[in-house]
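Report on one structure; see the data block that follows.
Residue numbers run from 1 in the order of the sequence given.
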Amino acid sequence: MAASVFCCLRCCRDGGTGHIPLKEMPAVQLDTQHMGTDVVIVKNGRRICGTGGCLASAPLHQNKSYFEFKIQSTGIWGVGVATQKVNLNQIPLGRDVHSLVMRNDGALYHNNEEKNRLPANSLPQEGDVVGITYDHVELNVYLNGKNMHCPASGVRGTVYPVLMTVQFWIASSVNFIILLHLVLKKYYLNSKSSECICL
């Protein structure tokens, strides 16, 4: 530890900035190589419509991950995590061991089993922002930044954010904001209010 401190002090003393340059990370977006056959991805990988599911272009490697999307219109949809083995044409998602998905009715499904459900008075509506946290064991849902206290688990392996749409539902402003260091929001839960605090 002392060696680390002296190394940092030496960097600053010798005229260095003390900062370690980070290489540029690729943008994370909806992946047109991993989507259902009737799905359409537009707005540079930030909007999904059509019928089917689509994975994000990067897996969730961190032990605490967060991503969110804004509901542009009502309809049948789902959001969660899935492995690359998921059938993105099998709607609704959450019917197999390869996906853990919250559907538009507020139910969280894995392997065709309801794992949890949002409170009835807290179903996402048009204009709402739905956030998902995942720590490689448990998925939690946030609605407009508020923890819904409905954890679910079950999916195993390397997982990716997944969105599902049926017919004319549109999710816009998909933000994969903590998949990579430079554009990641790390989060922690404020123990008094259970709000998601993004840094």
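The two atoms that bring M148 and P119 nearest to each other are O-CD, 4.1 Å, heavy atoms only. Across all their heavy atoms, A107 and R117 have their closest contact at CB-NH2, 3.5 Å. Among all heavy-atom pairs drawn from S99 and A82, the shortest one is CB-CB, 3.9 Å. Closest non-hydrogen pair, V79 versus F67, comes out as CG2-CE1, 3.8 Å. Closest non-hydrogen pair, A152 versus K115, comes out as CB-CB, 3.8 Å. The shortest heavy-atom contact between G52 and I91 is CA-CD1, 3.4 Å.
Taken together through direct or relayed side-chain contacts under 4.5 Å among Ile, Leu, Val, Met, Phe, Trp and Tyr, M164 and Y109 form parts of separate hydrophobic clusters.
Between V166 and W77 there is no side-chain heavy-atom pair separated by less than 4.5 Å. At least one side-chain heavy atom of L139 sits under 4.5 Å from a side-chain heavy atom of V141. In this structure, Q72 and R47 have side chains that are in contact, with non-hydrogen atoms separated by less than 4.5 Å. Side-chain contact between V159 and Y134 is present, with at least one heavy-atom pair separated by less than 4.5 Å. Y142 is listed as a side-chain neighbour of T133, based on a closest heavy-atom distance under 4.5 Å. Using a 4.5 Å cut-off on side-chain heavy atoms (C-beta onward), V162 and V81 make no contact.
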(request) Test side chain to side chain contact (heavy atoms under 4.5 Å, CB included) on E68 and I132 and set out the steps. (result) CA-CA 6 Å; E68 65 185 25; I132 300 290; over 6 Å; no
(message) side chain to side chain contact (heavy atoms under 4.5 Å, CB included), that's the test. Do V39 and T51 meet it? Break it down for me.
(response) CA-CA 5 Å; V39 169; T51 298; over 6 Å; no
(message) As a quick check of understanding, evaluate side chain to side chain contact (heavy atoms under 4.5 Å, CB included) for L143 and V130, giving each step before the final call.
(response) CA-CA 5 Å; L143 183 59; V130 176; 4.2 Å; yes
(message) side-chain hydrogen bond (donor to acceptor under 3.5 Å, both in side chains) for Q29 and D31? Distances and angles first, verdict last.
(response) CA-CA 6 Å; Q29 57 194 25; D31 188 353; over 6 Å; no
(message) Using the rule given for side chain to side chain contact (heavy atoms under 4.5 Å, CB included), can you reason through T158 versus T83, listing the C-alpha separation, both sets of side-chain angles and the distance that settles it, and then say yes or no?
(response) CA-CA 6 Å; T158 301; T83 70; over 6 Å; no
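Other residues sharing the hydrophobic cluster of V42, ordered by chain and number and joined by side-chain separations under 4.5 Å: V40.
Between the CD1 atom of I76 and the OG1 atom of T165 there is a distance of 9.0 Å, given to the nearest 0.5 Å. Note: S122 OG to D128 CG = 9.5 Å, rounded to the nearest 0.5 Å. For the atom pair T37 OG1 and L88 CG, the distance stands at 9.5 Å (nearest 0.5 Å). How far CE of M102 is from SG of C150: 7.5 Å, rounded to the nearest 0.5 Å. Note: R156 CZ to L100 CG = 10.0 Å, rounded to the nearest 0.5 Å. To the nearest 0.5 Å, the span separating CD1 on I41 from NE2 on H34 amounts to 13.0 Å.
No donor-acceptor pair under 3.5 Å is formed between the side chain of H136 and the backbone N or O of K64. Although no hydrogens or angles enter the test, the distance criterion places a donor-acceptor pair under 3.5 Å between the side chain of N147 and the main chain of H149. N144 contributes a side-chain N or O that, together with a main-chain N or O of V129, makes up a donor-acceptor pair within less than 3.5 Å.
Considering only residues two or more places apart in sequence or on other chains, R95 meets the side-chain contact (heavy atoms from CB on, under 4.5 Å) condition with Q90, P92, R103, N112.
Looking only at atom types and distance, the side chain of E114 has no donor-acceptor partner in the side chain of N116 under 3.5 Å away.
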